Amino acid sequence: MDLISYAELAVLLVNRPDRLTGLEGVRTLLEESGRPPQADRLAPGDLDALRGLRTELVTVFEAAAAGDEREVVDRLNALLRRHPVHPQIAAHDGEPWHLHLTEGGRFCDQYIVGAVMGLATIVTDLGADRLGLCRAAPCRRAYLDTSSNRSRRYCSERCASRANVAAYRARKKVGQDSGGL
Ligand SMILES: [Zn+2]
Ligand SMILES: [Zn+2]
């Protein structure tokens, strides 16, 4: 089980509040996350649970972006207590036996436990500074920095080049202003 890849579930949830306006959006979110099986079992309770989790995950990423490791850990520990792991071996939709982190009453519990365990694994294996919020204002989308030299600053290539262009223009403007003096 690749727990680090599960952290992508947290990023997806933080970055797509537009998917949490109704159950249809949540179905799309599950497809995007690669976890579509039995999405027809979704109930309104799942929507509320995912919205609640998203709010909490945003604060985790904000604490990480502010460099507050203690806050990141405290918030993740609170989430781990509320969403405990109860591993079960399962097989469905023609898949071979595989581990589920939990079999909760709600469909979304697996998603939630996966997202929280994924973040906890990143923090303990790689460091809390691997969670970030995009610095190309006003973007602020979440990202995971799995680069070998911890160099990631932006959520996407698009934001990185937008920030580079803005920095270049700012430098050029400073050059022109000082040239006129
Ligand atoms: Zn499964
Ligand atoms: Zn961005």
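Atoms within each ligand, like the ligands themselves, are counted from 1 in listed order. Nothing here was measured: the structure is a model prediction, and the numbers come from that model.
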Q: Check whether any side-chain N or O of R54 sits under 3.5 Å from a backbone N or O of L13 as a donor-acceptor pair, and report yes or no.
A: yes
Q) Rounded to 10°, how big is the angle at the Zn ion (ligand 1) from H100 NE2 to H98 NE2? A) 100°
Q) Would Y154 end up clustered with Y143 when hydrophobic side chains under 4.5 Å apart are linked, directly or stepwise? A) no
Q.
Rounded to the nearest 10°, what angle sits at the Zn ion (ligand 2) between SG of C159 and SG of C139?
A. 110°
Q. How wide is the angle at the Zn ion (ligand 2) between SG in C155 and SG in C134, to the nearest 10°?
A. 120°
Q: Please find the N/O/S atom of H92 nearest to the Zn ion (ligand 1) and write down its name.
A: NE2
Q | Close side-chain approach of L79 and L57, heavy atoms under 4.5 Å | A | yes
Q | R75 and E71 ion-paired at < 4.0 Å | A | yes
